[in-house]
2 protein chains.
Amino acid sequence: MTDVAELLRSKGIKATAQRVAIYQALASQGHVSAEDVFDSLFNKMPMLSLATVYTTLRRFCEVGLADEMVVSNDRIYFDINTDFHHHFVCESCGSIYDIDIPFCSILKSKEIQGLKIKRFSGIFYGICKRCRS
Amino acid sequence: MTDVAELLRSKGIKATAQRVAIYQALASQGHVSAEDVFDSLFNKMPMLSLATVYTTLRRFCEVGLADEMVVSNDRIYFDINTDFHHHFVCESCGSIYDIDIPFCSILKSKEIQGLKIKRFSGIFYGICKRCRS
DNA sequence: ACAATTTGTCAAGAATTATTTTTAAGTAAA
DNA sequence: TTTACTTAAAAATAATTCTTGACAAATTGT
């Protein structure tokens, strides 16, 4: 079997053809919405349903294979990179990039003012290079 | 007239009774969803429509009286505080707090790696004091 | 082959936006 | 000060869009 199938099983979930394909789409694109995945797989798997994509991506998050990103209210995005990092979102075309900058250590705090911190989301909004021209 | 009416006019928008009430609800609660505002005004203004609350809050954002906050995919929040600051969101009860911590200067950058930055959103997710007990 | 998961279909839910008509605000003239 | 006028805004629906739920049928891994 493929590496991906092994990976899925190692996380304790079944390696179906749909899941492998969805994982590969996620991995190749980095940041995806459910619809992105659905569209990109439509040629290969015409029977795939959007509901399956949703449940699968959520399942990936549960087992630590992806993270949910909240960048706008109109769509959920999923991120293959589960390490601590920031994002840039283009307000014109919607494209999303990872941003690697030196982080304030405080952003990794586990507790601030008595509040228990589990994670931090840092998003820059602006205009990407392509949209500037 | 009230201070609020003057404020609205100074931003170039008409000071209607609905807008004054919506602004006051926003100002008193700090972070609100459209539904929060609608519910809190229902006794005073039973004729107020939810669509009006939505358009009004968006209008406030356009003229710089509020900021939109994207903290989860299931609801838009609006923030009376338009200064640069971070947020904390309780994953248990949904309450939102402002977080005042020393910021990395890089988070205020206007340009990173050729990307034009207009704003930054920093959100800590965790469990608030009340929900810990 | 069997037990448990997962998929696909279909439909329901919920938040937000669009549209159209009616109403009210701001403004300048009588 | 009142009156008329122009334009923005509110109300009332409708419509969209994203996301989730329920359940029968199919598939996985043991």
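Note that the structure is predicted; figures quoted are calculated from it, not measured. Only heavy atoms go into these numbers, but all of them, side chains included; no hydrogens, no water, no symmetry mates. Each chain gets a letter, A, B and so on, in the order the sequences are listed, and its residues count up from 1.
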Taking the nucleotide of DNA chain C with the closest heavy atom to each, which residue, V53(A) or Y77(B), is nearer the 5' end?
V53(A)
Relative to the 5' end of DNA chain C, which residue comes earlier, S33(B) or S49(A), by the nucleotide with the nearest heavy atom?
S49(A)
Please compare M47(B) and N73(B) by the position of their nearest nucleotide in DNA chain D and report the one closer to 5'.
M47(B)
Atom CD1 of I13(A) to atom C1' of dT28(D): distance rounded to whole Å?
12 Å
When you check the phosphate oxygens OP1 and OP2 of dT23(C), does a side-chain N or O of Q18(B) lie under 4.0 Å from one of them?
no
Does dT20(D) have OP1 or OP2 under 4.0 Å away from a side-chain N or O of R58(A)?
yes
Grab the CD-C1' distance between E62(B) and dA8(D) for me, whole Å please.
13 Å
Taking only side-chain nitrogens and oxygens of T52(B), does any of them come within less than 4.0 Å of OP1 or OP2 of dA11(D)?
yes
Y54(A) has an atom OH; how far is it from atom P of dG8(C), in whole Å?
16 Å
Are there more than 12 heavy atoms of other residues, nucleotides or ligands under 6.0 Å from atom CZ of F42(B)?
no
Would you call the rings of F124(B) and F120(A) parallel, tilted or perpendicular, where under 30° means parallel and over 60° means perpendicular?
tilted
Between D98(A) and H86(A), is there a side-chain donor-acceptor contact under 3.5 Å, judged purely by atom types and distance?
no
Does dT5(C) have its OP1 or OP2 closer than 4.0 Å to a side-chain nitrogen or oxygen of R59(A)?
no
Need one value for A17(A): base, sugar-phosphate or nothing, where a base atom within 4.0 Å counts as base even if backbone is also close, heavy atoms only.
nothing
Starting from the 5' end of DNA chain D, give me the residue, G12(B) or A34(A), whose nearest nucleotide shows up first.
G12(B)
Taking N and O atoms by type only, does the side chain of K14(A) place a donor or acceptor under 3.5 Å from a partner on the base of dT27(D)?
no
Distance in angstrom units between R19(B) CZ and dA8(D) P, rounded:
11 Å
In whole angstrom, give the distance that lies between atom CG of D74(A) and atom P of dA14(C).
20 Å
Please state how far atom CZ in R75(A) lies from atom P in dT17(D), giving the value in whole angstrom units.
10 Å
Please check this pair: side chain of T56(B) against backbone of V53(B), looking for a donor-acceptor N/O pair closer than 3.5 Å.
no
Rounded to whole angstrom units, what separation is found between the CD atom of E68(A) and the P atom of dT19(D)?
9 Å
Verify, without hydrogens or angle tests, whether R9(A) (side chain) and A15(A) (backbone) share a donor-acceptor contact under 3.5 angstrom.
no
Tell me what A51(B) touches on the nucleic acid: a base, only sugar-phosphate, or nothing, going by heavy atoms under 4.0 Å.
base
Using a cut-off of 4.0 Å on non-hydrogen atoms, how would the nucleic acid contact of T56(B) be classed: base, sugar-phosphate, or nothing?
sugar-phosphate
Between P on dA11(D) and CZ on F38(B), what's the gap in Å once rounded to a whole number?
9 Å
Is a side-chain N or O of Y125(A) found less than 3.5 angstrom from the main chain of V71(A), in a donor-acceptor match?
yes
For dT20(D), does either OP1 or OP2 sit under 4.0 Å from a side-chain N or O belonging to T55(A)?
no
